[in-house]
Chemist: 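The structure follows.
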Amino acid sequence: MKKISQILNSSNVAVAQMKLIYKIWYSSVIDDIKNVTTPYDFDPLKKILTINVHDNIWYSEMLYMEQEFMELLHNNGFDVNKIIFKLLPKYEKLDKKNIINYNISKRAESYINNYAQRFDNKVLGEYFKEFLTNFFHQNNFDNWILKG
(Lines give C-alpha, C1' and ligand atoms only; values in the text may rest on other atoms or scores of the structure.)
Protein backbone atom coordinates (compact mmCIF):
# COMPACT_ATOMS: atom_id res chain seq x y z
CA MET A 1 0.00 0.00 0.00
CA LYS A 2 1.29 3.44 -0.90
CA LYS A 3 1.54 6.22 1.65
CA ILE A 4 -0.42 9.41 1.14
CA SER A 5 2.84 11.33 0.71
CA GLN A 6 3.86 9.01 -2.16
CA ILE A 7 0.51 9.48 -3.89
CA LEU A 8 0.59 13.26 -3.51
CA ASN A 9 4.28 13.51 -4.50
CA SER A 10 3.73 11.59 -7.74
CA SER A 11 0.79 13.88 -8.48
CA ASN A 12 2.97 16.98 -7.88
CA VAL A 13 5.52 15.78 -10.44
CA ALA A 14 2.72 15.15 -12.91
CA VAL A 15 1.27 18.61 -12.27
CA ALA A 16 4.64 20.27 -12.96
CA GLN A 17 4.97 18.29 -16.19
CA MET A 18 1.44 19.24 -17.28
CA LYS A 19 2.10 22.93 -16.57
CA LEU A 20 5.00 22.85 -19.00
CA ILE A 21 2.96 21.02 -21.61
CA TYR A 22 0.07 23.46 -21.23
CA LYS A 23 2.36 26.48 -21.49
CA ILE A 24 3.99 25.26 -24.69
CA TRP A 25 0.77 23.96 -26.29
CA TYR A 26 -1.34 27.02 -25.58
CA SER A 27 1.42 29.46 -26.55
CA SER A 28 2.03 27.59 -29.83
CA VAL A 29 -1.38 26.89 -31.35
CA ILE A 30 -3.96 29.28 -32.80
CA ASP A 31 -6.93 30.47 -30.72
CA ASP A 32 -9.52 28.31 -32.50
CA ILE A 33 -7.57 25.19 -31.58
CA LYS A 34 -6.99 26.32 -27.99
CA ASN A 35 -10.74 26.32 -27.42
CA VAL A 36 -11.27 22.73 -28.55
CA THR A 37 -8.18 20.95 -27.18
CA THR A 38 -6.71 19.95 -23.85
CA PRO A 39 -3.22 18.51 -23.48
CA TYR A 40 -3.66 15.27 -21.60
CA ASP A 41 -0.50 13.20 -21.33
CA PHE A 42 3.15 13.14 -22.30
CA ASP A 43 5.29 10.01 -22.22
CA PRO A 44 8.85 11.32 -21.72
CA LEU A 45 10.47 8.01 -22.71
CA LYS A 46 8.68 7.59 -26.04
CA LYS A 47 8.13 11.36 -26.43
CA ILE A 48 4.45 10.87 -27.26
CA LEU A 49 2.06 13.74 -26.56
CA THR A 50 -1.65 12.97 -26.15
CA ILE A 51 -4.13 15.75 -26.86
CA ASN A 52 -7.85 15.49 -26.11
CA VAL A 53 -10.02 17.11 -28.76
CA HIS A 54 -13.51 18.21 -27.72
CA ASP A 55 -15.07 18.71 -31.15
CA ASN A 56 -15.75 16.12 -33.88
CA ILE A 57 -14.93 18.40 -36.80
CA TRP A 58 -11.67 19.65 -35.30
CA TYR A 59 -10.74 16.09 -34.37
CA SER A 60 -10.93 15.06 -38.03
CA GLU A 61 -8.89 18.08 -39.08
CA MET A 62 -6.21 17.55 -36.45
CA LEU A 63 -5.54 13.99 -37.53
CA TYR A 64 -4.23 15.43 -40.82
CA MET A 65 -2.25 18.19 -39.10
CA GLU A 66 -0.07 16.07 -36.78
CA GLN A 67 3.16 16.86 -38.63
CA GLU A 68 2.46 20.60 -38.58
CA PHE A 69 1.87 20.50 -34.82
CA MET A 70 5.06 18.52 -34.26
CA GLU A 71 7.07 21.12 -36.21
CA LEU A 72 5.39 23.92 -34.27
CA LEU A 73 6.23 22.28 -30.96
CA HIS A 74 9.83 21.58 -32.05
CA ASN A 75 10.22 25.24 -32.99
CA ASN A 76 9.05 26.17 -29.47
CA GLY A 77 11.55 23.86 -27.76
CA PHE A 78 9.36 20.84 -27.06
CA ASP A 79 10.80 17.58 -28.35
CA VAL A 80 8.01 15.21 -29.39
CA ASN A 81 8.12 12.17 -31.68
CA LYS A 82 4.37 11.60 -32.05
CA ILE A 83 1.11 13.31 -31.21
CA ILE A 84 -1.97 11.23 -30.49
CA PHE A 85 -5.34 12.97 -30.74
CA LYS A 86 -8.27 11.52 -28.79
CA LEU A 87 -11.87 12.61 -29.18
CA LEU A 88 -13.23 13.41 -25.73
CA PRO A 89 -16.22 15.68 -25.10
CA LYS A 90 -15.52 18.48 -22.64
CA TYR A 91 -17.00 18.21 -19.17
CA GLU A 92 -20.04 20.31 -18.45
CA LYS A 93 -19.39 23.08 -15.96
CA LEU A 94 -22.10 24.10 -13.55
CA ASP A 95 -21.91 27.64 -12.21
CA LYS A 96 -23.48 28.01 -8.76
CA LYS A 97 -22.75 31.01 -6.58
CA ASN A 98 -19.67 31.89 -8.67
CA ILE A 99 -18.16 28.45 -8.05
CA ILE A 100 -17.32 26.27 -11.03
CA ASN A 101 -18.03 22.59 -10.50
CA TYR A 102 -17.07 19.73 -12.79
CA ASN A 103 -19.15 16.61 -13.10
CA ILE A 104 -17.26 13.55 -11.85
CA SER A 105 -16.59 11.19 -14.76
CA LYS A 106 -16.68 7.39 -14.47
CA ARG A 107 -12.90 7.39 -14.87
CA ALA A 108 -12.45 9.88 -12.01
CA GLU A 109 -14.90 7.95 -9.85
CA SER A 110 -12.98 4.72 -10.49
CA TYR A 111 -9.69 6.45 -9.62
CA ILE A 112 -11.15 7.85 -6.38
CA ASN A 113 -12.58 4.51 -5.29
CA ASN A 114 -9.38 2.67 -6.18
CA TYR A 115 -7.20 4.91 -4.00
CA ALA A 116 -9.71 5.13 -1.15
CA GLN A 117 -9.80 1.32 -0.89
CA ARG A 118 -6.04 1.14 -0.36
CA PHE A 119 -6.30 2.49 3.19
CA ASP A 120 -6.26 -0.08 5.98
CA ASN A 121 -8.13 2.41 8.16
CA LYS A 122 -11.60 2.59 6.55
CA VAL A 123 -12.48 5.91 8.21
CA LEU A 124 -9.33 7.50 6.79
CA GLY A 125 -10.14 5.94 3.41
CA GLU A 126 -13.60 7.55 3.45
CA TYR A 127 -12.09 10.95 4.35
CA PHE A 128 -9.60 10.59 1.49
CA LYS A 129 -12.43 9.61 -0.88
CA GLU A 130 -14.40 12.70 0.18
CA PHE A 131 -11.31 14.87 -0.27
CA LEU A 132 -10.65 13.58 -3.81
CA THR A 133 -14.31 13.89 -4.78
CA ASN A 134 -14.40 17.53 -3.65
CA PHE A 135 -11.05 18.16 -5.32
CA PHE A 136 -12.23 16.82 -8.68
CA HIS A 137 -15.44 18.84 -8.46
CA GLN A 138 -13.18 21.92 -8.49
CA ASN A 139 -10.49 20.59 -10.88
CA ASN A 140 -11.06 18.75 -14.13
CA PHE A 141 -9.79 15.19 -13.67
CA ASP A 142 -8.62 14.82 -17.27
CA ASN A 143 -6.36 17.87 -16.97
CA TRP A 144 -4.18 15.90 -14.61
CA ILE A 145 -1.75 13.14 -15.36
CA LEU A 146 -2.12 10.78 -12.45
CA LYS A 147 0.53 8.12 -12.32
CA GLY A 148 0.59 5.88 -9.27
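We use all heavy atoms of the structure for the numbers below, so side chains are in, but hydrogens, waters and symmetry mates are not. Owing to the predicted nature of the structure, the values given are computational and were not obtained by experimental measurement.
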Chemist: If you measure from CG on Asn81 to NZ on Lys46, what distance do you get to the nearest 0.5 Å?
Modeler: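 Interatomic distance, Asn81 CG to Lys46 NZ, rounded to 0.5 Å: 11.5 Å.
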Chemist: Main chain of Ser110, side chain of Asn114: is a donor-acceptor contact present, judged purely on distance under 3.5 Å?
Modeler: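 No; judged by distance alone, with no hydrogens or angles, the pair does not exist.
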Chemist: Any side-chain to backbone donor/acceptor pair from Lys82 onto Ile48? Under 3.5 Å, distance only.
Modeler: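 Judged by distance alone, no pair lies under 3.5 Å.
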Chemist: Just verifying a value: how many Å separate Arg107 CZ and Leu88 CG, rounded to the nearest 0.5 Å?
Modeler: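 Spacing of CZ (Arg107) from CG (Leu88) equals 8.5 Å.
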Chemist: Should Ile84 and Leu49 be counted in the same cluster of Ile, Leu, Val, Met, Phe, Trp and Tyr side chains packed under 4.5 Å apart?
Modeler: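 No; tracing contacts between hydrophobic side chains, which count when under 4.5 Å, never links both residues.
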Chemist: For Asp79 and His74, run side-chain contact (heavy atoms from CB on, under 4.5 Å): C-alpha distance rounded to whole Å, both residues' side-chain angles, the deciding distance at 0.1 Å, then the answer.
Modeler: CA-CA 6 Å; Asp79 189 22; His74 282 287; 3.1 Å; yes
Chemist: Indicate the atoms forming the closest heavy-atom contact of Thr37 with Ile51, along with that distance.
Modeler: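 Nearest pair, atom of Thr37 first, then Ile51: CB-CG2, 3.8 Å.
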Chemist: Checking side-chain contact (heavy atoms from CB on, under 4.5 Å) for the pair Val80/Phe42: CA distance, chi angles, key distance, verdict?
Modeler: CA-CA 9 Å; Val80 61; Phe42 179 69; 4.3 Å; yes
Chemist: To the nearest 0.5 Å, what is the distance between CD on Glu71 and CD on Glu66?
Modeler: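 That separation rounds to 11.0 Å.
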Chemist: Rounded to the nearest 0.5 Å, what's the gap from NE2 on His54 to OG1 on Thr38? Could you check?
Modeler: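 The OG1 atom of Thr38 is 2.5 Å from NE2 of His54, to the nearest 0.5 Å.
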Chemist: To the nearest 0.5 Å, how far apart are OH in Tyr59 and CG in Asn52?
Modeler: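 With rounding to 0.5 Å, OH (Tyr59) is 10.5 Å from CG (Asn52).
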Chemist: Please name the pair of heavy atoms, one in Gly125 and one in Ala116, separated by the smallest distance, quoted to 0.1 Å.
Modeler: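 Nearest heavy atoms, Gly125 then Ala116: O-CB, 3.5 Å.
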Chemist: For a ring-ring contact (aromatic ring centres under 6.0 Å, His included) check, start with the C-alpha distance between Phe131 and Tyr127, then their side-chain angles and the critical distance, and finish with the verdict.
Modeler: CA-CA 6 Å; Phe131 166 77; Tyr127 283 133; over 10 Å; no
Chemist: Please check if Tyr22 and Phe69 belong to a single hydrophobic cluster, counting links between Ile, Leu, Val, Met, Phe, Trp and Tyr side chain heavy atoms closer than 4.5 Å.
Modeler: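 Yes, one cluster joins them.
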Chemist: Looking at Asn113, I'd like to know if its CG atom is crowded, meaning that more than 12 non-hydrogen atoms belonging to other residues, nucleotides or ligands lie closer than 6.0 Å.
Modeler: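 Correct, the count exceeds 12.
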Chemist: Working note: Lys129 + Glu126, criterion side-chain contact (heavy atoms from CB on, under 4.5 Å); need CA distance, chi angles, decisive distance, verdict.
Modeler: CA-CA 5 Å; Lys129 181 177 180 177; Glu126 285 301 313; 4.1 Å; yes
Chemist: How many angstroms lie between OH in Tyr26 and CD1 in Ile33, if you round to the nearest 0.5 Å?
Modeler: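 One gets 11.5 Å once the value is rounded to the nearest 0.5 Å.
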Chemist: Do Tyr115 and Leu124 belong to the same hydrophobic cluster, where Ile, Leu, Val, Met, Phe, Trp and Tyr are linked whenever their side-chain heavy atoms lie under 4.5 Å apart, directly or via other members?
Modeler: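 They do share one cluster, since a chain of ILVMFWY contacts under 4.5 Å joins Tyr115 to Leu124.
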